[in-house]
Asker: 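Pasting a structure here, questions to come.
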Amino acid sequence: MRKNYEDAVTTHPMIVQCMAELLINECKATVLIADSPGGDFTAEVMDAIYNTTGMREVAEKTGAKLNYNFKEKMYDNEAGLYLKKVKVSEFISNVDKIISMPKLKTHSMMTYTGAVKNLFGIIPGITKAEYHLHMSGYDKFADALIDICLLAKPTLTIMDAIVSMDGNGPSAGNKKNTNTILASADPFTLDKVCCDLIGFPFDIVPTVAKSIERNLCKLNSDDVEIKGEINVNLKPFEMPDSISDVFLKTDQFDGKYVDENIKAKPVCDQSKCVKCLVCKQSCPAKAISFVNNQITIDTDKCIRCYCCQELCPFKAIKIRRSYLLRALLKDHEW
Ligand code: SF4
Ligand code: SF4
């Protein structure tokens, strides 16, 4: 996303710079910095993103290259359980190894985004919307993310948790100083460890719950060897307002009554909205319309992916809980 690194939405360029220097100077490697945003994936969009996130400066200082290959390609995914074929950005064909560098953040749809979900960045631009639409339940989407991660097979994942984000992440939450870097060759276990550290039970983080179910990571933290400073405790970490949906598994219920009265729903704060229509263009379910000079959201069509909240540059999309939902959750601090 086109965000200044100081907003803690994107990985801090200093961490990318250190990694690039190490790879280029010590390993004599050629480094390609690549990612694909939600929305259009073009040279114009990426120029703006590289400039604002600080990645262009990293490339200039280190000699790393920035990706300008926007082609997509269908890959066979033998390791995948559900996605046996995945449409992916072609840039992954041009590298021997992938080092994934996520930021530690909450996520309105998936509770938490980290090592596994970061690899959704190899899915090109608006193709991400197809995955949201066709795998719209939390569990299904978690399985899709795991399959994509298995295809990408990152050699190493380095988690930027120096300044993290809690609350309504991945872009509308609160910055949080957590002063930590975590790294692992195993993205599934890294996510489980991060969730333990921030105090999120694994069963409300669908990617972690599914990784455990698929025997990709261990349930018991005592079975995980942590090297380095282990006395880190990143709590309290505020959950996103939409957590009720994952907790109550409301994605398993359809119908107007459930959509209107039980599920959390995105609403537009008209006072903050600048009518840029980014949300409308990026809604996979075509649930957003612009009528009478106002953004309106059809909750019947909405699949609760919260891409609108994530991609709104002005934090104008809020999550609203119904009265009934608030009553059902009254015994939970979130
Ligand atoms: S993306 Fe945000 S600011 Fe732009 S139209 Fe949608 S709600 Fe309004
Ligand atoms: S309105 Fe927002 S949450 Fe609903 S489907 Fe569209 S992008 Fe997703």
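All values below come from the heavy atoms of this structure, side chains included, with hydrogens, waters and symmetry mates left out. Each ligand, and each atom within it, is numbered from 1 in the order the structure gives. Nothing here was measured: the structure is a model prediction, and the numbers come from that model. One is the number of the first residue; the rest follow in order along the sequence.
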Asker: Of the options Thr52, Thr53, Asn51, which is the one that meets Arg2 in a side-chain hydrogen bond (donor to acceptor under 3.5 Å, both in side chains)?
Answerer: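 Of the listed residues Thr52, Thr53, Asn51, the side-chain hydrogen bond (donor to acceptor under 3.5 Å, both in side chains) partner of Arg2 is Thr52.
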Asker: Using side chain to side chain contact (heavy atoms under 4.5 Å, CB included), reason through Leu182 and Leu197 one step at a time and then give a plain yes or no.
Answerer: CA-CA 11 Å; Leu182 300 107; Leu197 293 173; 3.7 Å; yes
Asker: Specify the protein heavy atom at minimum distance from atom 4 (Fe) of ligand 1: its residue, its atom name, and the distance to 0.1 Å.
Answerer: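 Going atom by atom, the protein heavy atom closest to atom 4 (Fe) of ligand 1 ends up being Cys276 SG, 2.3 Å.
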Asker: Give the atoms of ligand 1, by number and element, whose distance to some non-hydrogen atom of Val274 is under 4.0 Å.
Answerer: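 Selected atoms, number and element: 3 (S), 8 (Fe).
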Asker: Can you name the atoms of ligand 2, numbered from 1 with element, that are less than 4.0 Å from a heavy atom of Ile288?
Answerer: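 Within the 4.0 Å cut-off of Ile288, ligand 2 contributes 1 (S).
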Asker: If you define the side chain from C-beta out and look only at heavy atoms, does anything of Leu66 sit under 4.5 Å from Met55?
Answerer: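 Counting from C-beta outward, Leu66 and Met55 do come under 4.5 Å.
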Asker: Looking at atom 6 (Fe) of ligand 2, what's its closest protein heavy atom, distance included?
Answerer: Cys283 SG, 2.3 Å
Asker: Salt bridge check: are Asp76 and Lys85 linked by an N-O gap of less than 4.0 Å?
Answerer: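 Looking at Asp76 and Lys85, the cut-off is met.
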Asker: Counting non-hydrogen protein atoms only, what is the nearest one to atom 3 (S) of ligand 2? Give residue, atom name and distance.
Answerer: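 Looking only at protein heavy atoms, the one closest to atom 3 (S) of ligand 2 is Tyr306 N, 3.1 Å.
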Asker: In terms of residue, atom name and distance, what is the protein heavy atom nearest to atom 8 (Fe) of ligand 2?
Answerer: Cys305 SG, 2.4 Å
Asker: Which ligand 1 atoms does Cys273 reach within 4.0 Å, using its non-hydrogen atoms?
Answerer: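 Those atoms are 3 (S), 5 (S), 7 (S), 8 (Fe).
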Asker: Among all the protein's non-hydrogen atoms, which is closest to atom 2 (Fe) of ligand 2, and how far away is it?
Answerer: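 Checking every protein heavy atom, the shortest distance to atom 2 (Fe) of ligand 2 gives Cys308 SG, 2.3 Å.
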Asker: Name the closest protein heavy atom to atom 5 (S) of ligand 2, giving the residue it belongs to and the distance to 0.1 Å.
Answerer: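 Closest protein heavy atom to atom 5 (S) of ligand 2: Ile303 N, 3.4 Å.
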Asker: Salt bridge check: are Glu90 and Lys73 linked by an N-O gap of less than 4.0 Å?
Answerer: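 Salt bridge: no.
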Asker: Passes salt bridge (charged side-chain N to carboxylate O under 4.0 Å, His left out), Asp269 versus Lys315? Steps please.
Answerer: CA-CA 9 Å; Asp269 178 346; Lys315 296 191 180 183; over 6 Å; no
Asker: Taking only heavy atoms of Phe314, which atoms of ligand 1 are found under 4.0 Å from at least one of them?
Answerer: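 Answer, ordered by atom number: 3 (S).
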Asker: Near Cys279, which atoms of ligand 1 are under 4.0 Å from a heavy atom of that residue?
Answerer: 1 (S), 5 (S), 6 (Fe), 7 (S)
Asker: So with a 6.0 Å cut-off around NZ of Lys286, is the heavy-atom count from everything else above 12?
Answerer: no
Asker: Where's the contact between Ile317 and ligand 2, heavy-atom distance under 4.0 Å: side chain, backbone, both or neither?
Answerer: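 Under 4.0 Å from ligand 2, Ile317 contributes no heavy atoms.
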Asker: Please work out, at 4.0 Å between heavy atoms, whether the side chain, the backbone, both, or neither of Lys275 comes within that distance of ligand 1.
Answerer: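 Backbone only.
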Asker: Checking Thr106 against Glu238: is there a side-chain donor and acceptor pair closer than 3.5 Å?
Answerer: no
Asker: Side-chain heavy atoms under 4.5 angstrom apart, residues restricted to Ile, Leu, Val, Met, Phe, Trp, Tyr: same cluster for Phe120 and Leu83?
Answerer: yes
Asker: Just to be sure I read this right, does ligand 2 sit under 4.0 Å from the backbone of Ile297, its side chain, both, or neither, counting only heavy atoms?
Answerer: side chain
Asker: Can you name the atoms of ligand 1, numbered from 1 with element, that are less than 4.0 Å from a heavy atom of Leu277?
Answerer: 4 (Fe), 5 (S)
Asker: Please report the C-alpha distance between Val193 and Ile226 in whole Å, then the side-chain angles of each, then the deciding distance to 0.1 Å, and finally whether the side chain to side chain contact (heavy atoms under 4.5 Å, CB included) criterion is met.
Answerer: CA-CA 9 Å; Val193 168; Ile226 300 179; 3.9 Å; yes
Asker: Short list, please: which atoms of ligand 1 are under 4.0 Å from a heavy atom of Ile295?
Answerer: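 Here the atoms of ligand 1 in question are 5 (S).
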